[in-house]
Amino acid sequence: MAHTPYGYRIENGTAVIDEEKAEKVRSLNRGYLSGLSLSVAAKTAGIDAYHGTAGRMLRNERYLGDDNYPAIIDKETYEKAEAERVKRAKKLGRIFEPKKEDKPTISKKFTIGQVIQKYTNPFTQAEYVYSLIESEGQ
């Protein structure tokens, strides 16, 4: 485990719930769902974190439990908090759709002169063959 999420501690190589901090994580979720902003919900929960850190904590799926971490919050609370976060982000215009990138077209048609020389070095041979390209098609 590279980084132990807030609310857990490692004992004998296993992640266990740090009940005091886990309650703060639960309180963060409750506060956010009650309408508080991320930073105020974190501060109210006793977590010293900026808006972005509180948001990442809210979105951390490890709190649902997995093979390495026991669950701190239930799935219903997690999904409600995520739906609320997305709703607020949309209202503030903070949902960004990824831009479609124009892929460059690569010509695969070309004409080449007759290959006469043979080099033992493959790089030299490639340079020679590329130098024989006469035209590229569309």
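Since this is a predicted model, take the numbers as computed values, not measurements.
Salt-bridge check for Lys87 with Glu82: failed, with every basic side-chain N at 4.0 Å or more from each acidic carboxylate O. Ion pairing between a basic and an acidic side chain is recognised when a charged N comes within 4.0 Å of a carboxylate O; Lys103 and Glu101 show no such pairing. A salt bridge is absent between Lys80 and Glu84: the closest approach of a Lys/Arg side-chain nitrogen to an acidic carboxylate oxygen does not fall below 4.0 angstrom.
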Salt bridge (Lys or Arg N to Asp or Glu O under 4.0 Å) between Glu11 and Arg9, worked out: CA-CA 7 Å; Glu11 287 184 3; Arg9 67 176 182 272; 2.7 Å; yes
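At least one side-chain heavy atom of Arg56 sits under 4.5 Å from a side-chain heavy atom of Thr53. Between Lys43 and Asp48 the shortest side-chain heavy-atom distance does not fall below 4.5 Å. Side-chain contact between Ile17 and Tyr69: absent, with no pair of heavy atoms (C-beta onward) separated by less than 4.5 Å. In this structure, Ile133 and Thr111 have side chains that are not in contact, with every pair of non-hydrogen atoms separated by 4.5 Å or more. Side-chain contact between Tyr8 and Val25 is absent, with no heavy-atom pair separated by less than 4.5 Å.
The number of heavy atoms from other shown groups lying within 6.0 Å of CG (Asn121) is above 12. Other residues, nucleotides and ligands place no more than 12 heavy atoms under 6.0 Å from the CD atom of Glu61.
Note that the CG atom of Asn29 and the OH atom of Tyr63 stand 9.0 Å from one another [nearest 0.5 Å]. Interatomic distance, CZ of Arg62 versus CG of Asn60, reported as 7.0 Å (0.5 Å rounding). A distance of 9.0 Å separates CZ of Arg26 from CD1 of Ile73, quoted to the nearest 0.5 Å. Considering NZ of Lys24 and CG of Leu28, their distance stands at 11.5 Å, rounded to 0.5 Å. In this structure, CG on Leu132 lies 5.0 Å from CD1 on Ile112, to the nearest 0.5 angstrom.
Note that Arg88 lies in the cation-pi zone of Tyr32, set by a 6.0 Å cut-off to the ring centre and a 45° limit from the axis.
Across Pro70 and Ala15, no two heavy atoms sit closer than the pair CD-O, 3.6 Å.
Judged purely by atom type and a 3.5 angstrom limit, Arg85 has no side-chain atom pairing as donor or acceptor with the backbone of Leu58. A donor-acceptor pair under 3.5 Å links the side-chain atoms of Ser34 to the main chain of Gly31, judged by distance alone.
Hydrophobic clustering keeps Phe123 apart from Tyr130 (ILVMFWY residues linked when any side-chain heavy atoms are closer than 4.5 Å, directly or through intermediates). Cluster annotation: Ile47 is not connected to Tyr50 through the hydrophobic network of ILVMFWY side chains, with a link wherever side-chain heavy atoms come within less than 4.5 Å. Note on Val129: it clusters hydrophobically with Ile116, by side-chain heavy-atom contacts below 4.5 Å among ILVMFWY residues. Following chains of ILVMFWY side-chain contacts shorter than 4.5 Å, one can reach Leu64 starting from Met57, so the two form part of one hydrophobic cluster.
Applying the salt bridge (Lys or Arg N to Asp or Glu O under 4.0 Å) test to Glu20 and every residue at least two apart in sequence or in another chain returns nothing. Considering only residues two or more places apart in sequence or on other chains, Glu79 meets the side chain to side chain donor-acceptor pair (under 3.5 Å) condition with none of them. For the side chain to side chain donor-acceptor pair (under 3.5 Å) test, residues two or more places apart in sequence or in another chain that qualify with Gln117 are Tyr119.
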